[in-house]
Structure formats: structure tokens, C-alpha cells
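Step one of this worksheet: look at the structure below.
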Amino acid sequence: MVFGPDVAALSGDGVELCGSPEQVRDRVSGLEDERHPRWTWWAAAGDGRALVAHGIRPQRCWDVAEAHRVLAGGWAAGADRAWAVAAGLDVEALPRPAGGDLFDLVTTDDAGDPDSAVRPDGYLRPEALEPTWLTGPERALSLARAALQTSSRQRELLAQGGPRPVGTATSESAAALLCIELELDGLPLDRSRAEELITAAAGERPRSEEHARQLRRERDAAVLAHAPGRESTDLRNPVQVRELLASVGVVVPDTRAWRLEPYRGVHPLVDALLAWRKAERIATTYGWTWLDTHVGPDDRLRGGWTACDGAAGRMTAQNGLHNLPTPLRPAVAAHPGHVLVRADLGQIEPRVLAAVSGDRAFAEATRAADLYAPVAQALGVERAVAKVAVLAAMYGQTSGAAGEALKDLQRTYPVAMAYLERAYAEGLAGRAVRTFGGRRVPMWQLPPGLPASAVGAATAARGRFARNAVIQGAAAELFKAWVATLRLAVRDLGAEVVLCLHDEVLLHVPEEAAGEVAHLVDEVLTASARRWTGSSAVQFVADTSVIARWSDAKA
DNA sequence: GATTTCACGTA
DNA sequence: CGTACGTGAAATCC
């Protein structure tokens, strides 16, 4: 489907239609009710949003942009690029949209049928990406056909990588649609509780600009009182703060919190500064302005969502949805008549490692509710040591106390460790890696002028990135497969997904459906994990609770 | 005005 | 020599 401002079109499966967006939307709605087809669109942010904004929430879709991101990696996924890759055309030679200069005027004489989205040379017309190009129904129809054609070529290309990448593309597509819903629905908030928490952390709501400045001065004064003679220091200027600290005998290379932590006892200024920083964070980033800007009159916090970041493919969110400080979390609360069902995946990354590497011994450890217990036993070390070693192996950490246990890990779980080493080596060499689900993760190339002395560190950083990407990326794939299925499974109960946080999901649920939704969360996880891994060898576990506020469950 | 650096929140 | 992300304030670049 293609939705423009004035025209829209539908093509495929014996249906071909173009007309006004209203007409096409009605038909989409009817078809969705009849047989919920897998709708194909260039990107959820365009056509998916056009439906969701009008109350149509399709079950299944194929998002050409997301499929392209799986296939090619990286973030760029415009229709022209996705079309070119699917068609096997050179993306380096992608025609550029007309800039309105003379050169463009001269070279547009071979443009072929002006109402076709495809040029005679096989590339998608770059101007067809602009909504303004959709001046008539023929053009919309042509663009819709092109989207459908792209999707079937993408399917073929993905299928060359085995059965999984096609599945990855469908769940990524669903995640992208969910992102639109998350953005429009928002996260339920208890406004008065939010106001209390902001007041406690950042002070009362400023009544004017002058009042705001005064409050700021008061906050600053509490710190500067510890440094007589240096009251003019700007606490927001790291250089000045460093000088301030030096004046009381605290000499540090930078003023980051973890660096200052050991000096808490040395001088009361340090303590005051660190407390000030926490308050300042809430005052500037999650304070009154944030509340007024991002929380609607319906007491919902809204921000943009993306289905995959540019690196390994985790979801991202804006406006604090992904980094709300813990002290503010009590403000996230179910609205009247509802509860929150919260679930987080326990020890997701090592479990994912067991699945993607196919290490049988490590998979055996996932049968335990606490994976580190059997690992510790196998290595003959304390649980804490086993945990640090496993995490160090996955993240490429070399400092710290993991050294000896890492050797034992190699010996006990050679298949899993080899999987990580392999990714590390690929990254080191600058070659792209693929996640278990088939997402290509491109590797950046080192800048040509890089001094020889810096090359080692730079390639090692790339190796660590690759090593982490195959784990983090695969975990993101499983998570999205889970949540995409959950989205549909709970829908008839009136429940909706309202937050996704890498390994954690929050659902807003009518009170009476709480028990059933909580049950479905676990059931769907087992089914999704089985489908994703292709077996039941690796167990995934969710910690699920029914709560009123986000903070009611342990973090 | 746009980009970079520092700092810090989350997983 | 653990990764990823988003945000704001100040400094820096153009």
C-alpha cells in the first residue's frame, strides 16, 4: 500500500485499487477484518502511521525499510535504496533527487513514463520518494506495485540465508508498527505523583524566568558554600569544577561521578557536588519542562520510537522513555481500572549466547532458573566469579578479576567461546558480521590517516563491538519476536504494550484481564523462543508481575 | 547555527 | 582495552 496526502493505492493478491486516502483506508479496514493480510509498505512511519492514526491496527505487515536493514545493515533504508538492493542494482550509483540545478534539467530527458515510479534504467525514481510526486492515482499505484515487488525480492534474498532471516524481517516489521503505536498511545503516568517527585528532586515549579534563575542560584549555593572564596564557580562548566575540586585538594583528570566517588570522604564539597549533579539532571532533563513538553493532557508520556538502532538492532526511544531515572519511576502508573503487567527476561544475554552458538553444555545450564549456578559448579568457582567471567567473555572485558575463570570457560564451553572469538576476529579484520537472525552488522573502516600506534586499539575496539553485537543484536531479535507476538495475543483483552526496554516490557491492562495477560506473557515467550531458536534446548525465563506502578517490581 | 565534548541516565 | 542508546549545557567550529 501507498498513502500520500491526496491519493492512495493498494496492489496485490487480486486486489488493485487507487483513490482518495479515505477510500483506500476503508478498503484496507474491510480487508483487515476479513482476512488480515500481510500488508506491505515502504516504512511504518509513513503508511503504517496513516492507518494507526485512523484507528486501524493491522495484524501483520512487511516493512520494506526494516527488511532492508536486516539484509544490508546500517540505518539508511529509503525506498530507492531498498529497491536497488532488492533488484541487485549498484547502490553506489543511486540516482540523486533533483536539486533544481541546470544539470538536473539537462539529464531528465530520458525519464520514461512520468507516472511510473521506476525509471528506464531500473532504478526507482528518486523524486517518487517525495509525497509531492503523488499527484495522481496512477503514480500511487505504480509506487505500491514497486513496494510489493521489492518485498518479494527481499524475501528471496533473505531466504538465501536460511529460514530465519525471513522470520526476522517479519518480526522487525511488526516491531516497527508497534513503534508507531507506542508513539501514539504513550506511557501512562500519574501526573500528581510525577509533580511530587520532580518537586522533591528539583524544587518547586518556577513561576517565571527570574524565579527559575533564583532557584538555580539556591541549588548552586548549597555546593559553593563548601568552597569559600570560589562562589563564582560555574558548576555546569567541567573545567571550572575541576579547578574548584583542586582547590580543596581533590585533583582528578575529569570530574565524572565514578571518578569522584572515592573522594566522598575527603572533602564535603565532593558529596555536595554529586548530590547537586543528580538534582540538576532531573531539573534540566526530567523536570518541569520535560513534563510540560512530553506528557499530554491524557497523562501519557510520548516520544518517538525506532525498531532498531544503527548498530546491532535494539529498539530506541526518545524523551526519556528509555532512560527515566529510577527515582521518577513511581510516576509511571496504570490509569484507573487498569494495572501494569511487567515482565523482564532474566539473564537474557548468556541464554542468547547458548542459543546462537549451539553450545550444548552451555544450553544445559539454561535449564536452571539461575544460569550462573550450574556454570559456577562446572568451573568450580563462586557464583559471582562465574558471572563476571561470562559477562567478560561476552563484552570483551579484559581488566578486572575475570582472568583465570575465563580460561576455565574456554575449556568448559568451547563452542560458545569460539562463537564469540569468531565475531571478535571478524570485527578485528573489519568484516561485517551477521546476527543469529540474519541481520547484517557492518563494520566501520579505520580513518586512512590513523597513526600506526593507534591502529591496534582501534581494531580491538571494533572486535569488541562485533563480539557484543552478535549477542546484543540476537537478544534484540528474540525480544522483538516476543513482543510482536504479545502485541496480538493480548489485544482482544484490551491490553496494550506501552513500553519496551531491551529486555523488559510493560503492558497496560484492564484489571480483570491481569491474570490472563500475565499468563500469556510467559506462554508467548516459550513459544517465541522455540520458534526463534528452532528447538527447546535453551530455556528463557521471564520475571512477570502485576503491579500498579513501575517501581512496584524489583529492578 | 551546527557540531563536538563532557557528563549522566537507562539496558 | 565492556557495548549500545538519548539528552542537555557549554565549548568549539565554521
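Below, read A as the first sequence line, B as the second, and so on, with proteins coming before strands; counting in each chain starts at 1. What you see below is based on every heavy atom in this structure, not just the backbone, and it leaves out hydrogens, waters and symmetry mates.
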Checklist entry - Ring centres of A:F465 and A:W444 under 6.0 Å apart? => result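 When the ring centroids of A:F465 and A:W444 are compared, they turn out to be within the sub-6.0 Å range.
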Checklist entry - Mind checking whether A:H322 and A:W305 have ring centres under 6.0 Å apart? => result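 Ring centroids of A:H322 and A:W305 are less than 6.0 Å from each other.
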[X] has an atom [atom1]; how far is it from atom [atom2] of [N], in whole Å?
{"X": "A:Y286", "N": "B:dA7", "atom1": "OH", "atom2": "C1'", "result": "12 Å"}
{"X": "A:E504", "N": "B:dA11", "atom1": "CD", "atom2": "C1'", "result": "9 Å"}
{"X": "A:L244", "N": "B:dC6", "atom1": "CG", "atom2": "C1'", "result": "17 Å"}
{"X": "A:L260", "N": "B:dC6", "atom1": "CG", "atom2": "P", "result": "15 Å"}
{"X": "A:L235", "N": "B:dA7", "atom1": "CG", "atom2": "C1'", "result": "14 Å"}
{"X": "A:L321", "N": "B:dA11", "atom1": "CG", "atom2": "P", "result": "14 Å"}
{"X": "A:L406", "N": "C:dC1", "atom1": "CG", "atom2": "P", "result": "17 Å"}
{"X": "A:R462", "N": "C:dC1", "atom1": "CZ", "atom2": "P", "result": "18 Å"}

Checklist entry - Side chain of A:W532, backbone of A:G167: donor and acceptor closer than 3.5 Å? => result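 No, because the side chain of A:W532 does not come within donor-acceptor range (under 3.5 Å) of the backbone of A:G167.
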Item to check | Side-chain (A:R300) to main-chain (A:G186) donor-acceptor, under 3.5 angstrom | outcome: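 Yes.
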Next on the checklist: Please verify the inter-ring angle class for A:H335 with A:H508; under 30° counts as parallel, over 60° as perpendicular, anything in between as tilted.
Outcome noted: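 Rings of A:H335 and A:H508: perpendicular, as their planes differ by over 60°.
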May I ask you to say what [X] touches in the nucleic acid, namely base, sugar-phosphate or nothing, with a heavy-atom cut-off under 4.0 Å?
{"X": "A:A317", "result": "sugar-phosphate"}
{"X": "A:A312", "result": "nothing"}
{"X": "A:A257", "result": "sugar-phosphate"}
{"X": "A:R467", "result": "nothing"}

Closest approach to the side chain of [X], judged atom by atom: which nucleotide of [options] is it?
{"X": "A:Q472", "options": "C:dA4, B:dC8, C:dC1", "answer": "C:dA4"}
{"X": "A:F465", "options": "B:dC8, C:dC5, C:dT3", "answer": "C:dT3"}
{"X": "A:D309", "options": "C:dC5, C:dG6, C:dT3", "answer": "C:dC5"}

Look at the side-chain N and O atoms of [X] and state whether any lies under 4.0 Å from the OP1 or OP2 oxygen of [N].
{"X": "A:R256", "N": "B:dC6", "answer": "no"}
{"X": "A:Q318", "N": "C:dT7", "answer": "yes"}
{"X": "A:T285", "N": "B:dC8", "answer": "no"}
{"X": "A:T255", "N": "B:dC6", "answer": "no"}
{"X": "A:R314", "N": "C:dC5", "answer": "no"}

Next on the checklist: When you compare the side chain of A:R464 with that of A:Y395, does any pair of heavy atoms fall below 4.5 Å?
Outcome noted: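 Result no, sub-4.5 Å side-chain heavy-atom pair not found.
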Checklist entry - So do the side chains of A:K278 and A:P325 get within less than 4.5 Å of each other, counting heavy atoms only? => result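 The answer is no, as the side chains (C-beta and beyond) never meet within the 4.5 Å cut-off.
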Next on the checklist: So that I can tick it off, tell me whether A:D552 and A:R549 are bridged by a salt bridge, with the cut-off set at under 4.0 angstrom between side-chain N and carboxylate O.
Outcome noted: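 No salt bridge links A:R549 with A:D552.
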Give me, pair by pair, the N or O atoms of the protein and of nucleotides 9-14 of chain C that are less than 3.5 Å apart, along with how far apart they are.
from, atom 1, to, atom 2, distance (Å)
C:dA11, OP1, A:N237, ND2, 2.5

